[in-house]
**Q** 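Sending over a structure as structure tokens; questions will come in a sec.
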Amino acid sequence: MPNAVIAVSFKDMATDEELRQQLEERCRTLAGEFPEVTHVEVTITPDGTGHSATGHVSGKSTRLATHATAVEPGHAADQLLDTLRQQLRRAHEKRLFSPPRDAQQRNPKREPRAR
């Protein structure tokens, strides 16, 4: 969705504009792939010897959050966005395919008549 709000922030570390642009582009791609997404937020922070990335995605009937850690901030962000994509895919497919399954469970096959 072109109107999705994308927020990329760096907490307690210097801002890396090149990484910010790459993350914003990946978030736009993610929002374009899943039309229910209206807001994507990614935060990168230093964590001991590595970096931690947290992400939140919200939208129509969708609220997801996850985190990832890696030595480099770019790797942590890549892992985070890959996990968010998997979670969104699972939620998206569940929304698409669950109504027929529910209908099948509510309407059992006819039982043969007793003679």
Side-chain angles (χ1 to χ4, degrees):
M1 173 177 261
N3 297 331
V5 176
I6 305 213
V8 177
S9 59
F10 297 89
K11 185 176 179 182
D12 299 332
M13 63 183 282
T15 302
D16 184 351
E17 286 303 319
E18 183 179 336
L19 180 59
R20 178 189 299 275
Q21 290 174 357
Q22 290 173 354
L23 291 176
E24 286 178 355
E25 183 59 35
R26 283 200 62 193
C27 289
R28 276 191 213 93
T29 303
L30 194 67
E33 186 176 345
F34 301 100
E36 63 269 17
V37 172
T38 59
H39 184 84
V40 180
E41 180 181 342
V42 176
T43 304
I44 299 176
T45 59
D47 183 25
T49 59
H51 291 83
S52 176
T54 58
H56 299 274
V57 175
S58 60
K60 184 178 179 183
S61 302
T62 304
R63 283 201 180 279
L64 299 172
T66 191
H67 69 279
T69 58
V71 175
E72 296 292 323
H75 293 279
D78 287 341
Q79 289 176 0
L80 173 81
L81 291 173
D82 289 343
T83 303
L84 281 173
R85 173 173 271 115
Q86 290 172 351
Q87 288 180 344
L88 281 167
R89 173 63 53 207
R90 190 176 314 125
H92 184 76
E93 288 178 356
K94 189 175 184 179
R95 188 175 303 112
L96 288 177
F97 297 118
S98 66
R101 291 182 186 141
D102 290 343
Q104 288 172 356
Q105 292 173 355
R106 283 192 308 257
N107 298 320
K109 292 182 181 178
R110 276 187 5 198
E111 295 187 22
R113 292 187 293 192
R115 293 184 188 206

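Note that these values count all heavy atoms, side chains included, but never hydrogens, waters or copies made by symmetry.
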**Q** Which value, rounded to the nearest 0.5 Å, describes the distance between Glu93 atom CD and Leu88 atom CG?
**A** 11.0 Å
**Q** Would you name the heavy atoms of Ala68 and Ala76 that are closest together and state the gap between them?
**A** CB-O, 3.6 Å
**Q** What is the distance from atom CZ of Phe10 to atom CG of Leu23, rounded to the nearest 0.5 Å?
**A** 6.0 Å
**Q** From Thr29 OG1 over to Glu33 CD, what is the distance, rounded to the nearest 0.5 angstrom?
**A** 8.5 Å
**Q** Can you run down the side chain to side chain donor-acceptor pair (under 3.5 Å) pairs that involve residues 55-78, sequence neighbours left out, and say none if there aren't any?
**A** Arg26-Asp78, Thr62-Arg95
**Q** Assess whether atom CD of Glu17 is packed by more than 12 heavy atoms of other residues, nucleotides or ligands within 6.0 Å.
**A**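 Correct, the count exceeds 12.
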**Q** Measure the CD1-NE2 distance between Ile44 and His51 for me, rounded to the nearest 0.5 Å.
**A** 8.0 Å
**Q** Count I, L, V, M, F, W, Y as connected when their side-chain heavy atoms are under 4.5 Å apart, and connections chain through other members. Are Val5 and Val37 then in the same cluster?
**A**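 The answer is no; the residues belong to distinct hydrophobic clusters.
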**Q** Do the side chains of Pro73 and Asp16 get nearer than 4.5 Å, heavy atoms only?
**A** no
**Q** To the nearest 0.5 Å, tell me how far Glu41 CD sits from Ile6 CD1.
**A** 11.5 Å
**Q** Return yes if some donor-acceptor pair links the side-chain N/O of Arg20 with the main-chain N/O of Val8 below 3.5 Å, else return no.
**A** yes
**Q** Kindly give the heavy-atom pair with the smallest separation between Phe34 and Arg85, and that separation in Å.
**A** CZ-O, 4.0 Å
**Q** For Ser9, run the side chain to side chain donor-acceptor pair (under 3.5 Å) check against Thr15, Thr43, Thr54 and tell me which one passes.
**A**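 Among Thr15, Thr43, Thr54, the one meeting side chain to side chain donor-acceptor pair (under 3.5 Å) with Ser9 is Thr43.
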**Q** Of all the heavy-atom pairs spanning Val42 and Cys27, show the shortest one and how long it is.
**A** CG2-SG, 3.9 Å
